[in-house]
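The next block holds one structure in the form of structure tokens; read it before the comments.
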Amino acid sequence: MAPHSPIELGQLNYLAYSEAVGGLTHDGRPMPAWDDLGETVQGGWIAGAASVADHVVGDQATAEDRPETNR
């Protein structure tokens, strides 16, 4: 499976958040569609998702460098 682009990760992150909160903003209004967010807000979701992805990849690389203790 090919890795997701940062944009795809940002959109997936936003959609997951939307599902978790019932598609409503903090004040009960419907959340806008991804395409209606604008570049600045989309950029925030993309940056957040990319940061988590980098952290996960870093954790996996660190775990692969550790010797196994259960052998």
Side-chain angles (χ1 to χ4, degrees):
M1 176 192 288
H4 292 286
S5 74
I7 294 170
E8 290 172 320
L9 292 174
Q11 187 173 14
L12 288 168
N13 190 26
Y14 181 75
L15 293 174
Y17 176 82
S18 179
E19 287 181 24
V21 298
L24 300 176
T25 63
H26 69 92
D27 57 358
R29 293 180 293 141
M31 289 179 62
W34 174 258
D35 291 334
D36 296 332
L37 291 177
E39 288 183 23
T40 301
V41 175
Q42 283 182 356
W45 285 99
I46 292 166
S51 177
V52 170
D54 288 345
H55 183 77
V56 169
V57 169
D59 285 350
Q60 288 174 346
T62 301
E64 290 171 1
D65 292 338
R66 283 187 232 132
E68 294 221 16
T69 57
N70 296 336
R71 288 187 184 193

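Sequential numbering from 1 along the given sequence is applied to the chain's residues. As the structure is a computational prediction, the values presented were derived from the model and not from experiment.
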Can you name the nearest heavy-atom pair linking Thr25 to Met31, along with the distance? N-CG, 3.8 Å
Indicate, with yes or no, if Trp34 and Val41 share a hydrophobic cluster defined by side-chain heavy-atom contacts under 4.5 Å among Ile, Leu, Val, Met, Phe, Trp and Tyr. yes
Which heavy atom of Gly10 sits nearest a heavy atom of Ala49, and at what distance? N-CB, 3.7 Å
Does Val52 belong to the same Ile/Leu/Val/Met/Phe/Trp/Tyr cluster as Leu15, with side-chain heavy atoms less than 4.5 Å apart forming each link? no
With clusters defined by side-chain heavy atoms of hydrophobic residues (ILVMFWY) lying less than 4.5 Å apart, directly or transitively, does Leu37 cluster with Val21? yes
Going by the salt bridge (charged side-chain N to carboxylate O under 4.0 Å, His left out) test, which pairs reach into residues 30-50, not counting sequence neighbours? none
Can you tell me how far CD1 of Ile46 sits from CD of Glu8, rounded to the nearest 0.5 angstrom? 10.5 Å
Can you say whether the rings of Tyr14 and Trp45 are parallel (under 30°), tilted (30 to 60°) or perpendicular (over 60°)? perpendicular
